[in-house]
Structure formats: C-alpha cells, structure tokens
Amino acid sequence: MAQESPKNSAAEIPVTSNGQLEDSHEHSFNRDLKRSLPVGLGLSETKITSHGFDSTKEGVVEAGPFPGSSASPKSSIISPSSAAASRLAGQGCDLIIPTGGRAQQKSGPVVLADEIKNPAMEKLELVRKWSLNTYKCTRQIISEKLGRGSRTVDLELEAQIDILRDNKKKYENILRLAQTLSTQLFQMVHTQRQLGDAFADLSLKSLELHEEFGYNADTQKLLAKNGETLLGAINFFIASVTTLVNKTIEDTLLTVKQYESARIEYDAYRTDLEELNLGPRDANTLPKIEQSQQLFQVHKEKYDKMRNDVSIKLKFLEENKVKVLHNQLVLFHNAIAAYFAGNQKQLEQTLKQFHIKLKTPGADAPSWLEEQ
C-alpha cells in the first residue's frame, strides 16, 4: 500500500481486567500520545476510540487527517471508554469528556460574589452631603444678615411666633416673682410659727400675763396655718405655670426652630436654582439644573410640612394656654383674697375646689426607725 494506515502511528493503551490503566505504562502513554499528534494539530482534531474488554486494543487514540488526505478536519468523536477518560481526567488535563459528546476545555474556578458596600465610603458620602448642605445654609444666613440675600417670610405665622416668644418671657418673669413671693411667705410662716411657740411658752411661765400671751400665741399659730394654706396654693400655681412654660411652650418653640432651619435650607436651594437658571443652558449645565430642581423640590416639601406643623401646634397651644391660665389665675386670686381677708373657710374651700392637698410639716421626713 502506498499510504500507511492511520492506526500504525496510534498509541495503544493497555488496560487491566478491571478497566484501570497499569501504572507502569502511565508515562509511556503520555509520551506516545504527544508523539502521535502532528505539529499544530489541536485537540479538536483528535479522535478517541474504545472497544470492549474482550478486544485486543482498548482506549486507542488516533490522530486526525494526515498529510495527503483531502478530508477536512472533523470534530472529535469520543467513544465510551471509562478507563481512558478517567485516566485523562486524573492527569490534571483540562478535558471534560462526557459520553457521546465533545471534548470541552475546562476553565478555572469562577467565584461570583455580590457587591459589598463599603461602610467607609457611605460615611464619606454622608459627610460630603452634610458639608455641602451646611455650606449652603451658612452662606444663606450670612447673605440675609448682610442684606444681600432674599428671605421667605410668612407674615401671619411670623407674627404669631413673635407673640409666643414675647409671652414666654413675660410668663418666666411672673414665675420668678411668684417664686420670690413663695420664698418670702415661707420665711414669714416659719417666723410666725416660732413666735407663736414663744408666746405659748411665756403664757405658761408668766401667771400675770397668761391670757395676753395666750391670745398672741393662738393668733400667730392661726396665721401660720393660713400661711401654709396660701403657700400650698401659690406653689400649685407655680408648678402649673412652670409646666406650661418649660414643657408645652418650649416644645412648640422647638418645632419653630425646626421650621426656621427648614426655611433656611429652602431659601438656600432656591437661591442656587435661581442662579443656575440665570446662567447659560448647555450640555454641562442642564444636568446641574435638573439636580438642583430636584433638591429644591425636596426642601420645599419639607418647608411646607414644617410650616403646617407649626401652625397646628400654635393653635393647640393657644387653646391649652387659655384653659390652664384661666384656672390658675382664679386660684391665685381667691387664695390671696381669702388669706388677707382672714377668711379661713374661704381659703380652705379654694384649695378643695382645685383639688390641692397640703403636705403636713415633717410628713416627708423618715422616722427614726427608717434611719437606722
């Protein structure tokens, strides 16, 4: 024959009876396989055939088209041979050989991981936004103080806020005066009580002036008792007005401060949008104008919300203030009038009307057993 059969240059792989390759022929198989492939021949041109265990040739690897053959290169055809396939895989070769399929090149391990957010970058972004917002608000405040920037004003709401702040100062002044009166009345009651005890002691020791000292002792003790009743009414008045000023009004003023901060932010972003609208409109400025418009809309909604909140709180505060002060002023007037008129029954009736309970002197002090 002029042309030699392709099987003459093929490498044969001896296999044991259980289908495994012999260890002594492992290196010779790899060497013969490389020699049998022509130079430049890829794995796609290699054909692996396998026969049954009763055949004399098992796991024969044949090369593709040889020189002089007009046949075009064919894709690899893999016949089932578990011994040869498992051996090729055991050599660390990058071939995956399914039964009846094509030899596929195995790529390396691919690790798919979700994008992990960086906490440091998030904090940096928050700091950047805060710094930019602070800069704009500071610039707006300075511009308003210098008379260069415009300011959004709600005349009706601003007038109510000014009245509230002025009333708060006046209520605080009333509280200071009432506390001074309470302190002085407490000292006077304490002095009257001591004076009554002194008169009572002298009435027992001075037989000639027994009745005179006794009258004065009873009078001072009665004044001290009425003074304690009046002191309880004044302290109740102070406590109620203190709650109104330091809690109710202060809570409303806190909302007013938030409203003023929202107003400054709104004016700052409004000024930025107006400056951008006055400038040229091109491909570079249009995205900035759109972003500025979005920020302006966000702060406008916040400003409107805070303005509504302040209006509602001012309305409720006015209703609550009238109700509380009406009761407290009636109490204060009736108690003072009854005390200086010497009307003990009217004074006690005033305290019962407002459900005021007087503390017995020494009631809060622990007994000597509790101190042990």
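Since we're looking at a predicted model, the values are computed, not measured. Index from 1, following the sequence.
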Is a side-chain donor or acceptor of Gln140 paired with a backbone partner of Ser150 at a separation under 3.5 angstrom? yes

Under the criterion side-chain contact (heavy atoms from CB on, under 4.5 Å), I'd like the reasoning laid out for Ile142 against Arg139: C-alpha separation, chi angles, the key distance, then a yes or no. CA-CA 5 Å; Ile142 295 175; Arg139 185 183 63 178; 5.9 Å; no

Separation between CG of Leu164 and NZ of Lys169, rounded to the nearest 0.5 Å: 11.5 Å

Verify side chain to side chain donor-acceptor pair (under 3.5 Å) between Thr252 and Lys313, making sure each step is shown before the conclusion. CA-CA 6 Å; Thr252 304; Lys313 282 201 171 186; 5.9 Å; no

Hey, any chance Ile141 and Tyr303 share a hydrophobic cluster, counting ILVMFWY side chains that come within less than 4.5 Å of each other, even indirectly? no

Flag yes if Phe340 and Val189 sit in one hydrophobic cluster, no otherwise; membership is Ile, Leu, Val, Met, Phe, Trp, Tyr, and two members link when side-chain heavy atoms are under 4.5 Å apart. yes

The reported gap from NZ in Lys168 to CG in Asn173 (rounded to nearest 0.5 angstrom) is 12.5 Å

If I take atom OH from residue Tyr259 and atom NZ from residue Lys302, how far apart are they, to the nearest 0.5 angstrom? 13.5 Å

With no hydrogens and no angle check, just 3.5 Å: does a side-chain donor-acceptor pair link Thr152 and Asp267? yes

Could you state whether Val298 and Met306 fall into the same hydrophobic cluster, counting links through intermediate Ile, Leu, Val, Met, Phe, Trp or Tyr residues with side-chain heavy atoms under 4.5 angstrom apart? no

Answer yes or no: is there a side-chain heavy-atom contact under 4.5 Å between Met188 and Gln192? yes

May I ask you to test the Leu276-Thr285 pair for a side-chain heavy-atom distance under 4.5 Å? no

Nearest heavy-atom contact between Glu265 and Cys137 is CG-SG, 3.4 Å

Can you establish whether the number of heavy atoms outside Glu158 located under 6.0 Å from its atom CD is more than 12? yes

Nearest 0.5 Å please: distance from the CD atom of Glu172 over to the OG1 atom of Thr242. 10.0 Å

Assess the residue pair Glu125 and Arg128 against the criterion (salt bridge (Lys or Arg N to Asp or Glu O under 4.0 Å)); give the C-alpha distance rounded to whole Å, side-chain angles, the decisive distance to 0.1 Å, and a yes or no. CA-CA 5 Å; Glu125 182 65 18; Arg128 187 188 70 83; 2.8 Å; yes

Mind checking whether Asp272 and Leu295 have side chains closer than 4.5 Å, heavy atoms only? no

What are the two closest heavy atoms between Leu230 and Leu347, and how far apart are they? N-CD2, 4.2 Å

Closest approach of Leu204 to His210 (non-hydrogen atoms, all atoms of both residues): N-ND1, 4.4 Å

May I have the step-by-step check of side-chain contact (heavy atoms from CB on, under 4.5 Å) for Arg263 and Asp154, ending in yes or no? CA-CA 10 Å; Arg263 197 273 307 166; Asp154 189 332; over 6 Å; no

Output yes when a side-chain donor or acceptor of Asp251 lies under 3.5 Å from a complementary backbone atom of Lys247, and no otherwise. no

Heavy-atom check, side chain of Lys321 versus side chain of Thr248, under 4.5 Å: no

Between Leu181 and Leu223, is there shared hydrophobic-cluster membership here, with clusters defined by ILVMFWY side-chain heavy atoms closer than 4.5 Å? no

So how far is it from Phe237 CZ to Leu329 CG, rounded to the nearest 0.5 Å? 5.5 Å

With side chains defined as the heavy atoms from C-beta onward, is the minimum distance between Asp309 and Lys305 less than 4.5 Å? yes

Quick one: does Thr134's side chain have a donor or acceptor within less than 3.5 Å of a partner on Trp130's backbone? yes

Can Lys221 and Asp218 be counted as an ion pair, charged N to O under 4.0 angstrom? no

For a side-chain contact (heavy atoms from CB on, under 4.5 Å) check, start with the C-alpha distance between Leu314 and Ile161, then their side-chain angles and the critical distance, and finish with the verdict. CA-CA 8 Å; Leu314 286 175; Ile161 293 173; 4.3 Å; yes

Are Tyr339 and Gln346 close enough, and set up right, to give a side-chain contact (heavy atoms from CB on, under 4.5 Å), and what steps lead you there? CA-CA 8 Å; Tyr339 172 78; Gln346 180 65 29; over 6 Å; no

Give a yes or no on whether Glu275 atom CD has more than 12 heavy-atom contacts from other residues, nucleotides or ligands under 6.0 Å away. yes

Taking CD in Glu319 as the centre, count heavy atoms belonging to other residues, nucleotides or ligands within less than 6.0 Å. Is the count above 12? yes

Could you check whether any side-chain heavy atom of Gln220 comes within less than 4.5 Å of a side-chain heavy atom of Gln194, counting everything from C-beta outward? no

Check whether the ring centres of Phe296 and Tyr269 lie less than 6.0 Å apart, and answer yes or no. no

Do Tyr171 and Phe316 share a hydrophobic cluster, counting only Ile, Leu, Val, Met, Phe, Trp and Tyr and linking them when any side-chain heavy atoms are less than 4.5 Å apart? no

Looking only at non-hydrogen atoms, find the nearest pair between Ile234 and Ser182 and report the distance. CG2-CB, 4.0 Å

Can you tell me if Phe186 has over 12 outside heavy atoms packed within less than 6.0 Å of its CZ? no

Under 3.5 Å, side chain of Asn133 to main-chain N/O of Lys129, donor-acceptor pair present? no

In terms of heavy-atom contacts, Gly196 and Ala217 come closest through O-CB, 3.5 Å

Decide yes or no for Val310 and Gln258: does some side-chain heavy atom of the first lie under 4.5 Å from some side-chain heavy atom of the second? no

Return the CZ to OG1 distance between Phe236 and Thr350, rounded to the nearest 0.5 Å. 12.5 Å

Is there side-chain contact between Ser311 and Leu157, with at least one heavy-atom pair below 4.5 Å? yes

